[in-house]
Amino acid sequence: MKLLLSLSAALLVITDITAQQTQVEVSSFSFSDGVHPTFSFLFEGTDTKYVESFWKDELKNISASVSNKKEVIGAGAVVPQISADTVRVLMKAEQRKGSPLLTAHVAILATGGFIGPSSDARVFDAAKAFVQQRNTQLRRQLAEQELTLGEKGLAKLNAELQVLQRDKERAEAGIEKSKQRAAEAVIEQERAKAEADELGPRISALQSELATTPSDEGTKELNGLIKDRNRAQDRNRKAQDEERNMTKKADDLAWAIKQNVEDQAKKSEAIAEQTTLVKTLREKLADIR
């Protein structure tokens, strides 16, 4: 998610940089066989491999052969709006190291030479429109991917917030249950202590009686009373442990709820930012025509 948010922040900055270029520009580029006039387009949020792969696939549909050793080359490409004869299309994407921006260069070789500003106006406009159409298609494809990624990120954040909300509800219920069990443990302590206290004098009296008048029946009764007192004392100790454990559990849950509330606040803030991003991405996609 950190990567997505970083990408999102970068995207919003880059969008301002590239907002002005939505049309193909005329430039030149040094291909492996020399410098040729080109139709160029600026992209953000992608890389050279992706852009060149897109053009390779596009050229496969219209070319006799396609190679991509030093640059993507579509040989014998059929583009009727440019020329009645086949043309040769050279494409190369360049990107400076560390830069999120790249430039796609497309050169088109027709029978009269490489098409550029000095070419026949009709041919030049047709070639420019051909490149514009493909690059707009690629821009739309990239924008759709960005939007999908943004929407998935938003859905993930919302799901995480719901988990936090459910955790908080369970913790609150756990506190109430722990407090109830602690209160019941206090009552059990009082009950067990009272029972042990009540047996104490009876045991002492019987012990005194047996000291002067021993009897098997009296000894049996004494042992039974002592066992009952021991059991009552054990219940009292267990109830004390239960009270301490439940009190600690309630305190731990209260701390967890405090952390949960802070996490929910951070998650809600992230959701608001991601919602803004998704809105921006939708607008960006809608503007691509």
Side-chain angles (χ1 to χ4, degrees), residues 7 10-11 14-15 17-18 20-120 122-149 284-285 288-289:
L7 175 63
L11 174 62
I14 294 167
T15 299
I17 299 174
T18 59
Q20 300 302 317
Q21 188 188 343
T22 58
Q23 300 295 319
V24 167
E25 293 183 349
V26 178
S27 60
S28 62
F29 185 75
S30 180
F31 292 91
S32 60
D33 62 349
V35 178
H36 307 305
T38 64
F39 300 96
S40 67
F41 204 98
L42 195 65
F43 288 100
E44 83 279 6
T46 186
D47 55 35
T48 58
K49 184 178 180 181
Y50 190 92
V51 174
E52 290 177 359
S53 177
F54 170 85
W55 270 92
K56 181 180 178 182
D57 290 339
E58 288 294 308
L59 291 175
K60 280 182 178 179
N61 296 326
I62 60 174
S63 304
S65 65
V66 177
S67 63
N68 63 330
K69 291 182 179 180
K70 294 184 178 180
E71 58 258 327
V72 180
I73 300 177
V78 179
V79 189
Q81 62 268 41
I82 296 177
S83 173
D85 297 319
T86 59
V87 298
R88 185 180 183 85
V89 181
L90 289 75
M91 186 275 154
K92 184 68 177 177
E94 64 170 340
Q95 183 175 29
R96 292 181 179 178
K97 186 176 181 180
S99 173
L101 305 176
L102 69 80
T103 303
H105 292 281
V106 180
I108 303 175
L109 176 62
T111 54
F114 281 94
I115 300 174
S118 60
S119 302
D120 176 80
R122 184 194 64 79
V123 173
F124 175 78
D125 290 342
K128 187 176 181 180
F130 168 77
V131 177
Q132 175 71 46
Q133 182 184 34
R134 266 63 182 181
N135 283 330
T136 298
Q137 182 181 341
L138 178 53
R139 281 183 64 220
R140 184 177 296 108
Q141 182 173 305
L142 291 170
E144 288 172 348
Q145 292 176 353
E146 290 170 344
L147 177 57
T148 298
L149 182 63
K284 176 183 176 182
L285 178 58
I288 299 175
R289 295 182 178 85

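All values below come from the heavy atoms of this structure, side chains included, with hydrogens, waters and symmetry mates left out.
- The side-chain hydrogen bond (donor to acceptor under 3.5 Å, both in side chains) check on Asp33 picks up His36, with sequence neighbours excluded.
- At distances below 3.5 Å, not a single donor-acceptor pair connects side-chain atoms of Arg134 with backbone N or O atoms of Trp55.
- Of all non-hydrogen atoms in Leu59 and Gly74, the two that sit nearest each other are CD1-N, 3.9 Å.
- One finds the OG atom of Ser63 at 12.0 Å from the NZ atom of Lys56 (value rounded to the nearest 0.5 Å).
- In this structure, Phe43 has its ring center closer than 6.0 angstrom to the ring center of Phe41.
- The two atoms that bring Phe124 and Val26 nearest to each other are CZ-CG2, 3.5 Å, heavy atoms only.
- At least one side-chain heavy atom of Val131 sits under 4.5 Å from a side-chain heavy atom of Ile108.
- The closest side-chain heavy-atom distance from Met91 to Val51 is below 4.5 Å.
- The two residues Ser40 and Thr103 have their closest heavy-atom pair at CB-CG2, 3.8 Å.
- Thr136 places a side-chain N or O within 3.5 Å of a backbone atom of Gln132 that can act as its donor or acceptor partner.
- In terms of heavy-atom proximity, Pro37 sits nearest to Ala107 at O-CB, 3.5 Å.
- The list of salt bridge (charged side-chain N to carboxylate O under 4.0 Å, His left out) pairs with a residue in residues 64-91, not counting sequence neighbours, is empty.
- Considering only heavy atoms from C-beta on, Leu90 comes within 4.5 Å of Phe114 through its side chain.
- Legend: residues meeting side chain to side chain contact (heavy atoms under 4.5 Å, CB included) with Pro80, ordered by chain and number and at least two apart, are Val78.
- For the pair Val123 and Ile82, the minimum side-chain heavy-atom distance is below 4.5 Å.
- When all heavy atoms of Leu285 and Ala143 are compared, the pair lying nearest together is CD1-CB, 3.8 Å.
- When all heavy atoms are compared, the tightest approach of Leu142 to Glu44 is CD1-O, 4.5 Å.
- Put simply, the side chain of Gln81 never gets that close to the backbone of Phe130: no donor and acceptor are under 3.5 Å apart.
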- Task: For side chain to side chain contact (heavy atoms under 4.5 Å, CB included), just list the numbers for Leu109 and Val87, CA-CA rounded to whole Å, side-chain angles, deciding distance to a tenth of an Å, and then say yes or no.
- Result: CA-CA 6 Å; Leu109 176 62; Val87 298; over 6 Å; no

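- In this structure, OG1 in Thr38 is found 13.5 Å from NZ in Lys92, a value given to the nearest 0.5 Å.
- In this structure, Asn135 CG and Lys128 NZ are separated by 12.0 Å, a value rounded to the nearest 0.5 Å.
- To the nearest 0.5 Å, the span separating CD on Gln145 from CZ on Arg140 amounts to 13.0 Å.
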- Task: Evaluate ring-ring contact (aromatic ring centres under 6.0 Å, His included) for Phe31 paired with Phe29, printing each intermediate quantity in order.
- Result: CA-CA 6 Å; Phe31 292 91; Phe29 185 75; 5.1 Å; yes

